[in-house]
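Have a look at the structure below, then the notes.
Proteins come first, then strands; the chains are lettered A, B, ... in the order of their sequence lines, and each starts at number 1.
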There are 2 protein chains.
Amino acid sequence: MEAGATHEEPPRPRTGRPRADDRPLEREPREEIVAVASRLFAERGVAGTTMSEIARRSGLRQSSVYYYFRDKEAILEEILGSVNRVVLDQLARVNAEGGPPALRLYRLIRLDVLQLCAFPYDINEISRLSALQEERFARFWQERRALNRAVEELVREGIAAGELVDVDPRLAALTLLANDEATQNWHRPVGALGQLEDDGYEPEQVATFSADLAVGGLLRERARLAALRTEARERDPA
Amino acid sequence: MEAGATHEEPPRPRTGRPRADDRPLEREPREEIVAVASRLFAERGVAGTTMSEIARRSGLRQSSVYYYFRDKEAILEEILGSVNRVVLDQLARVNAEGGPPALRLYRLIRLDVLQLCAFPYDINEISRLSALQEERFARFWQERRALNRAVEELVREGIAAGELVDVDPRLAALTLLANDEATQNWHRPVGALGQLEDDGYEPEQVATFSADLAVGGLLRERARLAALRTEARERDPA
DNA sequence: AGCAGTTTCGATGCGTCCTTGAAACTTCCC
DNA sequence: GGGAAGTTTCAAGGACGCATCGAAACTGCT
């Protein structure tokens with residue numbers, strides 16, 4: 001992990017008892033488990049995903065997963081640890097680059113939806129689970145609240161600058177972020193909401209449309225929207 | 001149930017073995033179960049709700065629930081049977097009353113959000129569950145698709161009439177309805193997303209804001225929005 | 001060769017929940 | 001009063017999934 005050897009690492013023999021399932025492993029077992037679990041959680045929900053299944057798809061036996069994670073929720077914790085971080089980082093970057101609030105808001109929404117399409121999760125179920133174990137998911141909620149405050153501030157700035165119509169910034173932030181989370185409900189790479197014949201819209205289309213709708217609904221001069229869209233796409237290519 | 005006696009029905013002695021829990025029952029056991037389950041499903045999810053808990057809150061023992069419903073999902077089926085029906089009925093009424101497409105769209109969104117705030121459910125979990133048993137939830141999805149098509153048509157009309165900007169009606173319908181379902185993610189009468197300090201916005205505020213944002217984002221002349229809002233509120237008082 | 005460290009396995013205990021079946025207690029009607 | 005029908009309870013049967021434990025199978029070093 002320290003020097004060189006970034007490509008074509010020769011499959012150095014792993015220490016420890018060999019697996020019963022002898023598929024060659026592509027990445028670190030821990031990462032593999034997280035990737036597999038992430039997908040399954042989104043597809044079937046946390047409650048609906050068994051440790052057996054996670055193990056099976058990771059090329060392990062059920063009990064071996066416990067070598068890497070204390071329990072199922074430890075896996076979830078790891079997944080949730082990065083979800084909001086990514087968006088918060090993007091936000092920081094967008095704010096650092098500057099530009100009018102409306103543009104920054106547009107960019108953030110678009111990026112948020114793209115991120116959620118790539119790593120979907122059911123905010124609702126997360127919420128229910130974390131209600132049971134507040135401490136364990138404290139960080140997730142803390143970052144989620146930070147995101148809310150940031151969007152709130154963005155809206156506030158936009159109003160002050162005369163770019164956006166006069167709305168309640170807090171209510172707007174809550175609604176905008178909830179809408180982002182909703183998008184992935186029906187636009188899922190796999191499985192869910194398959195009942196909805198969603199015609200396979202690409203994440204890019206979905207993200208752009210969501211941003212258009214949201215910012216379009218807040219902008220005083222709708223004519224500016226096209227310019228915002230163009231600039232956002234240029235600055236944040238997929 | 002046939003004639004008169006709509007108020008102050010004397011608690012006519014029920015036939016059958018008396019309950020261990022001797023609270024007087026306010027409504028038909030079946031209805032009581034549905035009401036209780038509906039609340040619990042929204043609060044903890046279907047998977048997270050036990051038949052024991054449903055029974056307990058309905059004043060019954062666990063196994064007695066099976067006298068009324070074959071299994072847990074039969075209760076869910078009953079709940080989902082009405083969820084979309086209500087909105088579809090409202091839509092039919094709105095369309096019958098006529099008026100410009102933008103107004104009808106505004107009214108529908110507002111009513112939809114109000115309905116979802118009153119009877120929240122996790123569309124995501126429903127989707128996962130129904131994927132496992134397609135037939136049982138066929139009606140729900142059928143009606144959900146009808147709703148999608150109706151909104152699509154509304155948007156199409158609005159564009160044709162020159163009221164709305166030129167968007168993909170299908171993508172718009174999917175997004176708008178998903179957004180409605182999102183609102184209840186954070187605006188819950190009880191429990192969920194409590195981590196989000198949502199300042200107790202009233203359903204009316206939430207619904208109006210959602211409709212403002214959505215229709216505002218589609219309307220060519222944003223100046224018309226205030227009038228639409230006023231008229232919608234008059235025609236559909238809470 | 002042998003010991004230490006690492007990774008995995010198989011078996012098992014435990015708890016939880018769903019579901020069923022037979023019996024108990026009630027009112028209703030003949 | 002007695003049988004029929006309706007409603008509920010108690011008790012028990014399964015199924016299933018989480019989590020733990022001790023042992024097994026490997027590498028690497030001495």
Side-chain angles (χ1 to χ4, degrees), chain A residues 1 9-33 36-37 40-41 44-77 125 128-129 132-133 136, chain B residues 1 9-34 36-37 40-41 44-77 128-129 132-133 136:
Chain A
M1 281 302 161
E9 183 125 17
R12 135 177 78 85
R14 286 178 57 78
T15 164
R17 174 171 177 171
R19 299 186 170 186
D21 183 337
D22 57 356
R23 273 176 301 173
L25 48 160
E26 333 245 306
R27 36 190 164 182
E28 288 302 298
R30 196 184 165 86
E31 290 170 36
E32 180 72 25
I33 292 170
V36 163
L40 283 171
F41 287 169
R44 316 183 177 184
V46 178
T49 301
T50 70
M51 291 298 260
S52 275
E53 187 68 10
I54 295 173
R56 209 176 54 72
R57 298 216 195 179
S58 308
L60 287 166
R61 303 293 190 206
Q62 188 243 145
S63 65
S64 302
V65 178
Y66 290 84
Y67 181 71
Y68 295 98
F69 293 94
R70 197 165 98 259
D71 54 21
K72 208 194 336 188
E73 298 194 340
I75 308 178
L76 182 61
E77 253 179 298
E125 188 182 25
R128 291 189 303 251
L129 286 172
L132 272 58
Q133 306 206 32
R136 289 188 81 172
Chain B
M1 282 299 161
E9 182 123 15
R12 134 178 77 87
R14 285 178 58 76
T15 165
R17 176 171 174 169
R19 299 186 170 188
D21 183 338
D22 56 356
R23 273 177 302 172
L25 49 161
E26 333 245 303
R27 36 189 163 183
E28 288 302 298
R30 196 184 165 85
E31 289 170 36
E32 179 73 24
I33 291 170
V34 168
V36 163
L40 283 171
F41 287 169
R44 316 181 176 183
V46 177
T49 301
T50 69
M51 291 297 261
S52 274
E53 188 67 12
I54 295 173
R56 209 176 54 72
R57 299 214 195 181
S58 307
L60 288 167
R61 302 297 189 206
Q62 194 240 148
S63 65
S64 303
V65 178
Y66 289 84
Y67 181 71
Y68 296 97
F69 293 95
R70 192 166 106 257
D71 54 22
K72 215 206 309 197
E73 299 195 341
I75 308 179
L76 182 61
E77 253 180 295
R128 291 190 304 252
L129 286 171
L132 271 58
Q133 306 206 28
R136 289 189 79 171

May I ask you to say what A:Thr49 touches in the nucleic acid, namely base, sugar-phosphate or nothing, with a heavy-atom cut-off under 4.0 Å?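 Sugar-phosphate only.
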Within the structure, does a side-chain N or O atom of B:Arg70 lie under 4.0 Å from either OP1 or OP2 of C:dC18?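 No.
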Look at B:Arg19 and D:dT8 and indicate whether a side-chain polar atom (N or O) is within less than 4.0 Å of OP1 or OP2.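 So the side-chain polar atoms of B:Arg19 do come within 4.0 Å of the phosphate oxygens OP1 or OP2 of D:dT8, strictly under.
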Taking all non-hydrogen atoms of both residues, which atom of A:Val36 and which atom of A:Ile54 are closest, and how far apart?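 Smallest heavy-atom distance, with atoms named: CG1-O, 3.8 Å.
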Send over the distance from [X] [atom1] to [N] [atom2], rounded to a whole Å.
X	N	atom1	atom2	result
A:Arg44	D:dC16	CZ	P	15 Å
A:Asp21	C:dT7	CG	C1'	15 Å
B:Met51	D:dG14	CE	P	20 Å
A:Ile75	D:dA19	CD1	C1'	13 Å
B:Glu28	D:dG6	CD	P	14 Å
B:Leu25	D:dT7	CG	P	11 Å
A:Arg17	C:dT8	CZ	C1'	5 Å
B:Arg30	D:dT7	CZ	P	12 Å

Let me confirm one number: the [atom1]-[atom2] distance from [X] to [Y], rounded to the nearest 0.5 Å.
X	Y	atom1	atom2	result
A:Arg30	A:Ile75	CZ	CD1	9.0 Å
B:Leu129	B:Lys72	CG	NZ	8.5 Å
A:Asp71	A:Arg136	CG	CZ	4.5 Å

Could you tell me if the side chain of A:Arg19 sits less than 4.5 Å from the side chain of A:Pro29, heavy atoms only?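 Yes, their side chains come closer than 4.5 Å.
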Tell me which residues in residues 59-68 of chain A lie within less than 4.0 Å of DNA chain C, going by non-hydrogen atoms.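 Under 4.0 Å from DNA chain C: A:Leu60, A:Arg61, A:Ser63, A:Ser64, A:Tyr67, A:Tyr68.
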Options C:dC18, D:dA19, C:dG5, nucleotide nearest the side-chain atoms of A:Thr15: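 Minimum distance to the A:Thr15 side chain belongs to C:dG5.
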Check side chain to side chain contact (heavy atoms under 4.5 Å, CB included) between A:Gln62 and all other residues, then give those that pass, not counting sequence neighbours.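 Result, side chain to side chain contact (heavy atoms under 4.5 Å, CB included) vs A:Gln62: A:Met51, A:Ser52, A:Tyr66.
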B:Arg23: partners by side-chain hydrogen bond (donor to acceptor under 3.5 Å, both in side chains), with sequence neighbours left out: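 Checked B:Arg23 against side-chain hydrogen bond (donor to acceptor under 3.5 Å, both in side chains); matches are B:Asp21.
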